[in-house]
Peer 1: 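Next up is a structure, given as structure tokens.
Each chain gets a letter, A, B and so on, in the order the sequences are listed, and its residues count up from 1. All values derive from a computational prediction rather than experimental measurement.
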Amino acid sequence: GDSVTQMEGPVTLSEEAFLTINCTYTATGYPSLFWYVQYPGEGLQLLLKATKADDKGSNKGFEATYRKETTSFHLEKGSVQVSDSAVYFCALSAPLRGTASKLTFGTGTRLQVTL
Amino acid sequence: GAVVSQHPSWVICKSGTSVKIECRSLDFQATTMFWYRQFPKQSLMLMATSNEGSKATYEQGVEKDKFLINHASLTLSTLTVTSAHPEDSSFYICSASQFSYNEQFFGPGTRLTVL
């Protein structure tokens, strides 16, 4: 079945450091790929997405490129801020004909940014 | 963007009682709603998928008689945890999807504590 593997956390960085959170996936067909962010005590918010190979999703300085050849969707940000501290989830969606898509999530990576 | 609300945001109940959680799509019609459970520091586990006007489809290992899901309208789904026990304590998150879109919009979650 479909699965998502992302690097374990927590990841602790100083403000303005470069961030990479690795994510790889296994899926049949051509899934869409997502990064969600969860701030403390809140639900998930879509951060960015990509729907086909070589697409780059971007939002709020975060980027991720859909790499079909390596089945990866790594999240990057050039300069993190304290406000980026949250849990980040990589996910995929492989739509089935006639149904809404199920999301398969990775285990989440906690990011802690310090001054 | 699409907004999904959940009510209540948190609830504390005694063991043996039943608790109902509501999930509403505020500005769009949700053909499909999903219910997830999140354990501390872990990923989201899909419990069930509900389509408006039909019975919910439960994931393997989820007791349908324990977790009753109703999706009576295009804007409201409810999850009832029947005869709750301390092991049912968790963070429950719903999401909503329009049939033609490959995206789920998440509610803020409900924290259930069973004493």
Peer 1: Measure B:Gln6 against the heavy atoms of chain A and call it side chain, backbone, both or neither at under 4.5 Å.
Peer 2: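 Neither part; nothing is under 4.5 Å.
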
Peer 1: Working to the nearest 0.5 angstrom, can you tell me the gap between A:Gln38 CD and B:Ser43 OG?
Peer 2: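 With rounding to 0.5 Å, CD (A:Gln38) is 9.0 Å from OG (B:Ser43).
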
Peer 1: I'd like to know whether CD of A:Glu15 has more than 12 heavy-atom contacts from other residues, nucleotides or ligands below 6.0 angstrom.
Peer 2: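 Yes, enclosed.
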
Peer 1: For A:Leu44 and B:Phe106, work out which heavy atoms get closest and say how close.
Peer 2: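 Closest approach of A:Leu44 to B:Phe106, heavy atoms only: O-CB, 3.5 Å.
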
Peer 1: Does one hydrophobic cluster hold both B:Leu46 and B:Phe39, with members joined at side-chain heavy-atom distances below 4.5 Å?
Peer 2: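 Hydrophobic grouping puts B:Leu46 apart from B:Phe39.
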
Peer 1: Tell me if the NE2 atom of B:His85 is crowded by more than 12 foreign heavy atoms within 6.0 Å.
Peer 2: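 Yes, enclosed.
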
Peer 1: Hey, is NZ on B:Lys20 packed in by over 12 heavy atoms from elsewhere, all under 6.0 Å?
Peer 2: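 No.
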
Peer 1: Do you know which two heavy atoms are closest between B:Gln38 and A:Phe89, and how far apart they sit?
Peer 2: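 Heavy atoms of B:Gln38 and A:Phe89 come nearest at NE2-CZ, 3.5 Å.
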
Peer 1: Against chain B, work out which of A:Leu46, A:Val87, A:Thr104, A:Leu103 has the most heavy-atom pairs shorter than 4.5 Å and name it.
Peer 2: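 Option with the greatest count: A:Leu103.
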
Peer 1: Can B:Phe67 be reached from B:Val114 by stepping across I, L, V, M, F, W or Y side chains whose heavy atoms are under 4.5 Å apart?
Peer 2: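 Both belong to a single hydrophobic cluster.
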
Peer 1: Kindly indicate, with the supporting measurements, whether the criterion side-chain contact (heavy atoms from CB on, under 4.5 Å) is fulfilled by B:Gln104 and A:Phe34.
Peer 2: CA-CA 11 Å; B:Gln104 295 177 30; A:Phe34 306 83; over 6 Å; no

